[in-house]
Amino acid sequence: MVGSQRPFLSAFFALVATHGLHVTFGLIWMVVLMLQIRQKGLTEKNGTRLLCLSLFWHFLDIIWICVFTVVYLMGVM
Amino acid sequence: MMGTKPQQHAGASHGSMRSYVLGFILSVVLTLVPFGLVMYPELGLSQGTVLAAILGMALLQILVQLGFFLAYEHPFR
């Protein structure tokens with residue numbers, strides 16, 4: 001796949017946009033959770049939510065490492 | 001329900017700030033170097049070398065993020 005061909009462009013937009021949507025969602029989750037913790041303290045429920053958010057967020061970041069490596073870097077080599 | 005449960009330090013260790021800082025610095029380096037290798041072909045490295053380097057550093061960064069971030073928030077007991 002060369003950076004100037006169609007399949008690459010489809011993959012680029014699909015992957016980067018989807019990832020961006022997930023990141024946006026994660027950020028909203030993060031802000032809301034911060035407000036919840038400030039208001040109600042670090043309850044057991046909030047603790048569980050924090051752990052779930054952490055899994056979601058770190059998984060996203062690991063996927064991003066793969067996306068920028070394959071799509072961005074290898075796409076222009 | 002009135003009041004909140006006392007803070008639970010399940011999984012959070014007090015030395016983890018250093019882990020996050022170190023993990024962050026490593027992640028930035030492991031991102032900038034691959035971008036640099038691809039953006040500056042004048043360095044004279046062969047395509048195969050650059051490819052191996054960026055894939056290797058991507059794998060390294062995944063391990064850094066798992067070990068310095070995720071492992072702190074979800075430790076094995």
Side-chain angles (χ1 to χ4, degrees), chain A residues 1-5 7-9 11-12 15-16 18-20 22-23 25-77, chain B residues 1-13 16 19-20 23-24 26-77:
Chain A
M1 241 189 266
V2 171
S4 56
Q5 290 174 349
F8 170 82
L9 294 172
F12 177 90
L15 285 170
V16 176
T18 306
H19 185 267
H22 281 77
V23 167
F25 176 74
L27 288 172
I28 294 171
W29 185 354
M30 212 179 286
V31 168
V32 171
L33 192 50
M34 280 197 252
L35 294 170
Q36 286 284 308
I37 291 174
R38 184 210 274 179
Q39 211 175 51
K40 296 173 181 150
L42 197 60
T43 63
E44 191 174 340
K45 236 184 196 174
N46 281 341
T48 302
R49 289 167 180 166
L50 206 48
L51 287 174
C52 289
L53 172 60
S54 112
L55 279 176
F56 179 79
W57 190 254
H58 290 308
F59 187 54
L60 261 189
D61 207 356
I62 285 164
I63 289 180
W64 177 245
I65 295 168
C66 301
V67 171
F68 85 68
T69 300
V70 174
V71 177
Y72 281 75
L73 297 183
M74 287 169 62
V76 298
M77 275 179 65
Chain B
M1 204 187 245
M2 283 287 291
T4 61
K5 282 195 179 174
Q7 277 220 5
Q8 305 194 14
H9 285 271
S13 95
S16 64
S19 164
Y20 283 127
F24 176 70
L26 283 172
S27 297
V28 169
V29 170
L30 288 171
T31 303
L32 291 179
V33 173
F35 269 87
L37 286 177
V38 172
M39 285 163 66
Y40 299 102
E42 306 88 62
L43 283 171
L45 297 163
S46 76
Q47 276 245 333
T49 308
V50 173
L51 184 61
I54 68 176
L55 289 176
M57 280 188 269
L59 179 61
L60 262 178
Q61 193 183 154
I62 288 174
L63 293 174
V64 163
Q65 299 215 5
L66 288 175
F68 284 82
F69 302 152
L70 220 128
Y72 258 100
E73 293 157 21
H74 304 267
F76 280 116
R77 258 162 269 267

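Letters A, B, ... mirror the listed sequences (proteins, then strands); counts begin at 1.
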Report task. Flag the pair A:Leu73 / B:Leu51 as yes when at least one side-chain heavy-atom distance between them is below 4.5 Å, and no otherwise. Result -> no
Query raised in the report: Where do A:Ile65 and B:Leu59 land on the side-chain contact (heavy atoms from CB on, under 4.5 Å) test, with the steps shown first?
Result: CA-CA 9 Å; A:Ile65 295 168; B:Leu59 179 61; over 6 Å; no
Query - A:Met74 vs B:Leu55, side-chain contact (heavy atoms from CB on, under 4.5 Å): CA-CA, chis, key distance, verdict - result: CA-CA 10 Å; A:Met74 287 169 62; B:Leu55 289 176; 4.1 Å; yes
Query raised in the report: Side-chain contact, heavy-atom cut-off 4.5 Å: A:His58 with B:Glu73?
Result: yes
Query raised in the report: Is it the backbone or the side chain of A:Leu50 that comes under 4.5 Å from a heavy atom of chain B, or both, or neither?
Result: neither
Report task. Verify the neighbour count for atom NE2 of A:His19: are there more than 12 heavy atoms of other residues, nucleotides or ligands below 6.0 Å? Result -> yes
Report summary line: Taking a cut-off of under 4.5 angstrom between non-hydrogen atoms, the residues of residues 26-37 of chain B near chain A are B:Thr31, B:Pro34, B:Phe35
**Report entry** Contact origin within B:Gln61 toward chain A - heavy atom pairs under 4.5 Å
**Finding:** both
